[in-house]
J.: 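There's a structure below that I have some questions on.
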Number of protein chains: 2
Amino acid sequence: MEFNEAKNKFIQNWGILGSSWGINRTMAQIHALLLISPNVLSTEDIMDELKISRGNANMNIRALMDWGIVTKEYKVGERRDFFNADKDIWAVARLIIKERSKREIEPVLKVLSEVKKAEGNTEEIETFKTVVSDLESFTSSLNGVVEKFVKSDEHWFYKNLLKMVK
Amino acid sequence: MEFNEAKNKFIQNWGILGSSWGINRTMAQIHALLLISPNVLSTEDIMDELKISRGNANMNIRALMDWGIVTKEYKVGERRDFFNADKDIWAVARLIIKERSKREIEPVLKVLSEVKKAEGNTEEIETFKTVVSDLESFTSSLNGVVEKFVKSDEHWFYKNLLKMVK
DNA sequence: AAAAACTTTCATTAATTATTGAAAATTCAG
DNA sequence: CTGAATTTTCAATAATTAATGAAAGTTTTT
């Protein structure tokens, strides 16, 4: 396969994956582009490569920086900003999981702990409470694994993977 | 908290969570409603409770059945279909993970194995190949855990959780 | 076989989310 | 301070995705 074909295919598919994960397509594509670039890129470079507007580029680069997976770099004698993506896949995975957990798991736990205070003891209410409490215990377990993962390194993960599989 | 308030809050929030996971809001809400219903519900019941149209209800119920987390039930002497959601949270989690893995992890692995055949050995191409190969190994590890989880039971999960945390 | 009860489809419409691009703001060199 | 380079904002527009509801399709009953 010719390199440019491979590159485009990779960027496109990273975009598709992003959208099915609630991350917008352009944001995922910029990330993909930066991931495979040996050198840092300016906003213009990104606009040209992905054929997107300045505003779109700017907003999504910022979102990536908020997530902590892209950093701003300075070049001496250059006024423009350049951007770089962390190429350590484990570090990226940790940051993404951390961010999603903060946005998704934590609010769910909050809602579950609120709604489980529902008053009454009809069958309907009992069923409700059981489901909510099961969800709560599942979600906290998940949260436990996630927190552990976020603080871990690649080695920790593989060691545990091995334990799990055998 | 009054039961109806808790119930609505739960359904609404399940919907929000769904949308940030690429699952449409109504589908997640129908699932939430069925989860907390001690008895099976008809399409009309669902339409009334969630104030949605027949078409919308029908399409999303079908999607839930495709995912395997909702089943059709028959009542003697009743012509209408009734629906029920599996209340075992672990079973639900397994089905959801299985479905998402099929839709997301597998296609990614396919694309990665295709694009890693990129030809050439410039710095750009070398960087590309390294990133792709790192992603591939990460993704297969993930896939390994997921497959294990999908075949597992609650007990297996907790046992391993314990191993990981200590 | 016709009517009634119910389910499914799908073109239209609505709602949501993403993108553009020009204008405003900021930064920096001289 | 002034002006050029660059970044950021945001109202307008476009693209995408979801929801409606009436019509078509099924299945069951009489």
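This structure is a prediction, so every number in the text was calculated from the model and none was measured. Note: hydrogens, waters and symmetry copies are ignored here, and every other heavy atom, side chains too, is used. Every chain is numbered from 1 and lettered A, B, ... according to where its sequence line falls, protein lines coming before strand lines.
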J.: Flag this pair as yes if the NZ/CZ of B/Arg100 is under 6.0 angstrom from the six-membered ring centre of A/Trp21 and inside a 45 degree cone about the axis; otherwise no.
T.: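 Geometry flag: set, cation within 6.0 Å and 45°.
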
J.: On DNA chain D, nearest-nucleotide positions of A/Met59 versus A/Ser19: which is more 5'?
T.: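 Its nearest nucleotide lies further toward 5', so the answer is A/Met59.
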
J.: Does the plane of the ring in A/Phe149 sit parallel, tilted or perpendicular to the ring in A/Trp90? Use 30° and 60° as the thresholds.
T.: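 Geometry flag for A/Trp90 against A/Phe149: tilted rings.
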
J.: If you draw a 6.0 Å radius around NZ in B/Lys98, do more than 12 non-hydrogen atoms from other residues or ligands fall strictly inside?
T.: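 12 or below, so no.
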
J.: Hey, is CG on A/Asn121 packed in by over 12 heavy atoms from elsewhere, all under 6.0 Å?
T.: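 It does not: A/Asn121 CG has 12 such atoms or fewer within range.
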
J.: Can you give me the first and the last nucleotide of DNA chain C (5' to 3') that has an atom within less than 4.0 angstrom of a non-hydrogen atom in chain A?
T.: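 Under 4.0 Å from chain A, the extent on DNA chain C is C/dA18 to C/dC28.
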
J.: Could you give the CG-to-P distance, from B/Asn60 to D/dA19, as a whole number of Å?
T.: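 Interatomic distance, CG of B/Asn60 to P of D/dA19: 6 Å.
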
J.: For residues B/Ser101 and B/Glu99, is any side-chain donor paired with an opposing acceptor at under 3.5 Å?
T.: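 Side chains of B/Ser101 and B/Glu99: no pair found under 3.5 Å.
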
J.: Examine distances only and state if a side-chain atom of B/Glu119 and a backbone atom of A/Met1 form a donor-acceptor pair shorter than 3.5 Å.
T.: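 It does hold such a pair.
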
J.: Going by heavy atoms closer than 4.0 Å, what residues in residues 69-86 of chain A are next to DNA chain C?
T.: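 The answer is A/Arg79.
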
J.: Which of residues 26-37 of chain B sit near DNA chain D, with a heavy atom under 4.0 Å from it?
T.: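 Within this stretch, B/Thr26 sit under 4.0 Å of the strand.
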
J.: Please go through B/Phe82's hydrophobic cluster and name the other residues, only I, L, V, M, F, W, Y counting, with side-chain heavy atoms under 4.5 Å joining them.
T.: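 Direct or chained contacts put B/Phe82 with B/Val40.
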
J.: Do the non-hydrogen side-chain atoms of B/Leu135 and A/Trp14 ever get within less than 4.5 Å of each other?
T.: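 Yes, side chains in contact.
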
J.: Rounded to the Å, how far apart are B/Ile23 CD1 and D/dT17 P?
T.: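 These atoms are roughly 15 Å apart.
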
J.: Does a donor on one side chain sit under 3.5 Å from an acceptor on the other, for B/Asn56 and B/Asn60?
T.: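 Their side chains do contain a donor-acceptor pair, which is all the 3.5 Å distance test asks for.
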
J.: State, yes or no, whether a side-chain contact exists between A/Glu136 and A/Ser113 at a heavy-atom distance under 4.5 Å.
T.: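 SC-SC contact between A/Glu136 and A/Ser113 confirmed.
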
J.: Could you list the residues that satisfy side-chain hydrogen bond (donor to acceptor under 3.5 Å, both in side chains) with A/Ser42, not counting sequence neighbours?
T.: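 For A/Ser42, the residues satisfying side-chain hydrogen bond (donor to acceptor under 3.5 Å, both in side chains) (neighbours in sequence not counted) are A/Asp45.
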
J.: Under a 4.0 Å threshold between the charged nitrogen and the carboxylate oxygen, would B/Lys7 count as salt-bridged to A/Glu124?
T.: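 Answer for the salt bridge query: yes.
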
J.: Using a strict heavy-atom distance below 4.0 Å, which residues from residues 42-58 of chain A are in contact with DNA chain D?
T.: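 A/Arg54, A/Gly55, A/Asn58 - these, ordered by number, are the residues of the stretch whose heavy atoms sit under 4.0 Å from the strand.
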
J.: Please report the closest heavy-atom contact between A/Ala57 and A/Ile30, naming both atoms and the distance.
T.: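 Nearest pair, atom of A/Ala57 first, then A/Ile30: O-CD1, 4.1 Å.
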
